[in-house]
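Nothing fancy with the numbering, it's 1 onward along the sequence. All ligand and atom numbering here is 1-based and tracks the order in the structure.
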Amino acid sequence: MTQTVLLAGATGMLGGRIAHHLLAQPDAKVRLLVRGGGSSKKQAALAPLLNAGAELIEGDLGDTVALDRATQGIDMIVSAVQGGPDVIIDGQLALAEAGKRNGVRRILPSDFGLDLFKATQGEHAAFNWRARADDVIAQLGMEHIHILQGGFMDLFGPGSPLLDYDKGVVQFWGDGTQPVEITSVEDTARMTARVALDRTVPSGKFAFAGDYVSFLEAAELAAAKTGRSFERRWLGSEADLRAAMAKAANTDPMQAIMLAYQLYMLNGQTALTHLQNNRYPDIQLTKFPDFLARRLAAQG
Ligand SMILES: NC(=O)c1ccc[n+]([C@@H]2O[C@H](COP(=O)([O-])OP(=O)(O)OC[C@H]3O[C@@H](n4cnc5c(N)ncnc54)[C@H](OP(=O)(O)O)[C@@H]3O)[C@@H](O)[C@H]2O)c1
């Protein structure tokens, strides 16, 4: 039976891939909620999605009229938006409430990380915003599914802010050996599209991970695949990291969030459990060595 999905965030990095995989499902009709205006790059990102049959509704998460128009006739909402609390809390709640008013059955909010529900209040703003929005959304009475796939594998590949492939440097807090769950953007999008349409998935967390890798393992693998050595730069202990977070909280909130991601990668507090990697036998999640080999080959 055909189901109609509303996707918010289709012009984004992850949302564009989710749109692609939703459109590839034989039993899905796809509507995109997209803010008006924007660059030619944004129009170029939308063109293949519209050509593949997506319907476009122009609107901002702050526009209730547009949200009502966008959610009418929709079975489920997938959100892949990104932003501050105005987007993640206020915007997503407005979207969910419009969905509730218009009979939407299910929503997948823009979670896409480690287990943000285990974050300490006040320690990781981006996780706390999502958990707060998700709590309120859960009370609306719609089915609600939280996609949790760990960090994006892409963050450990070439162009990474964590490992500098050009300079051959890996920077890490702690001893650098804590493995963390990682999944490629492509696999995250593929799984999200399947879960969104799968009526048998119950409300709650839906976790999976393509691989586990520590900073030092990632650097060793990068060295083996590129043939260059990676200098190890120790940034400090967990206590040093917490001190840096406290300082950044007053001066640079974005930096504080970046450090909080590092904290939870280091101490495992938000580790994923009950992984559903094998739920769909035709989806084989990519391992980091294969991902890296493909990325490096594509670079030439
Ligand atoms: N686990 C990880 O390692 C990791 C890494 C990166 C991202 N993520 C998560 O993945 C999700 C998507 O992130 P991303 O990097 O793909 O985001 P992105 O590329 O910045 O895209 C964000 C999308 O949200 C849309 N948007 C923002 N504010 C909006 C509003 N008020 N109304 C309507 N649309 C709005 C943007 O539309 P415009 O084009 O109009 O701006 C864009 O389509 C987020 O939950 C993020 O935290 C996880």
Side-chain angles (χ1 to χ4, degrees), residues 6-21 31-47 49 54 56-67 69-71 77-96 98 107-116 119 124-131 133-134 146-157 159-162 180-189 191-192 207-211 213 218 254 257-258 260-262 264-265 270-272 288 291:
L6 174 68
L7 172 66
T11 54
M13 185 261 300
L14 175 63
R17 297 314 300 159
I18 295 175
H20 167 83
H21 287 288
R31 186 183 291 170
L32 310 176
L33 175 70
V34 175
R35 288 199 279 198
S39 60
S40 53
K41 194 173 155 211
K42 182 164 158 176
Q43 303 309 324
L46 283 174
L49 306 178
L56 182 71
I57 299 266
E58 214 170 271
D60 188 286
L61 291 177
D63 178 350
T64 314
V65 175
L67 294 184
R69 205 153 50 90
T71 51
I77 297 169
V78 177
S79 171
V81 296
Q82 175 67 304
D86 56 324
V87 175
I88 298 299
I89 302 178
D90 305 341
Q92 291 202 108
L93 288 185
L95 176 62
I107 183 165
L108 282 66
S110 191
D111 294 321
F112 304 113
L114 286 161
D115 191 339
L116 52 97
H124 189 316
F127 278 2
N128 294 161
W129 298 331
R130 283 167 173 75
D134 291 350
H146 308 291
I147 301 288
L148 303 173
Q149 82 298 328
F152 283 149
M153 210 169 261
D154 313 57
L155 296 176
F156 287 86
S160 161
L162 305 174
V180 63
E181 302 91 334
I182 53 172
T183 305
S184 71
V185 169
E186 199 60 25
D187 284 344
T188 302
M191 285 288 258
T192 301
F208 53 92
D211 213 340
V213 73
M254 204 52 225
I257 290 174
M258 292 304 150
Y261 280 115
Q262 301 258 3
Y264 288 152
M265 286 198 267
T270 50
L272 303 180
F288 185 59
F291 171 88

Nearest heavy atom to atom 44 (C) of ligand 1, choosing from Ser110, Gly84, Ala19, belongs to Ser110
So the atoms of ligand 1 within less than 4.0 Å of a heavy atom of Lys42 turn out to be 38 (P), 39 (O), 40 (O)
If we number the atoms of ligand 1 from 1 as shown, the ones under 4.0 Å from a heavy atom of Gly9 are 23 (C), 24 (O), 43 (O)
*asked:* Geometry only, no angles: is Gly113 polar-contacting ligand 1 at N/O separations under 3.5 Å?
replied: no
Considering distance alone, does some N or O of Gly150 sit under 3.5 Å from an N or O of ligand 1?
yes
Checking heavy-atom distances from atom 43 (O) of ligand 1 to each of Leu7, Ile182, Thr11, the winner is Thr11
Among Phe152, Phe112, Phe156, the residue with a heavy atom nearest to atom 7 (C) of ligand 1 is Phe152
Checklist entry - What about Phe152 and Phe112, are their ring centers closer than 6.0 Å? => result no
A student checking ligand 1 against Gln149 at a 4.0 Å heavy-atom cut-off should list atoms 1 (N)
Ile147 vs Asp111 side-chain heavy atoms within contact, under 4.5 Å
no
* Taking N or O atoms only and a 3.5 Å limit, does Val87 qualify as a polar contact for ligand 1? -> no
Separation between CD (Gln149) and CZ (Phe208), nearest 0.5 Å, reads 5.5 Å
Applying side chain to side chain donor-acceptor pair (under 3.5 Å) to Gln82 and not counting sequence neighbours gives Arg130
(Q) Within the 4.5 Å heavy-atom criterion, are His21 and Thr192 side-chain neighbours or not? (A) no
* To do: Examine Leu61 against ligand 1 and note whether any of their N/O atoms are separated by less than 3.5 Å.
  => yes
Does Ala80 come within less than 4.0 angstrom of ligand 1, counting non-hydrogen atoms of the residue?
-> yes
*Check: Gly62 N/O within less than 3.5 Å of ligand 1 N/O*: no
* To do: Just say parallel, tilted or perpendicular for the rings of Phe156 and Phe288, cut-offs at 30° and 60°.
  => perpendicular
Taken in chain and number order and not counting sequence neighbours, the residues that satisfy salt bridge (Lys or Arg N to Asp or Glu O under 4.0 Å) with Asp154 are Arg295
Restricting to heavy atoms, the pick from Ile18, Val81, Asp63 nearest atom 24 (O) of ligand 1 would be Val81
Ligand 1 atoms nearer than 4.0 angstrom to some heavy atom of Leu14 are 10 (O), 16 (O)
For Leu155, the ligand 1 atoms with a heavy-atom partner under 4.0 Å come out as 3 (O)
* Are any of the N/O atoms in Tyr261 less than 3.5 Å from those in ligand 1? -> no
Query - Contact check: Gly151 vs ligand 1, nitrogen or oxygen atoms, below 3.5 angstrom - result: no
**Message:** Could you check whether Ser79 and Gln92, counting side-chain N and O atoms only, form a donor-acceptor pair closer than 3.5 Å?
**Reply:** yes
How about His146 and Leu108: do any of their side-chain heavy atoms sit closer than 4.5 Å?
no
Taking 4.0 angstrom as the limit, do Glu186 and Arg17 come out as a salt bridge? yes
Item checked: Phe127 and Tyr261 aromatic ring geometry - parallel, tilted or perpendicular at 30°/60° bounds -> perpendicular
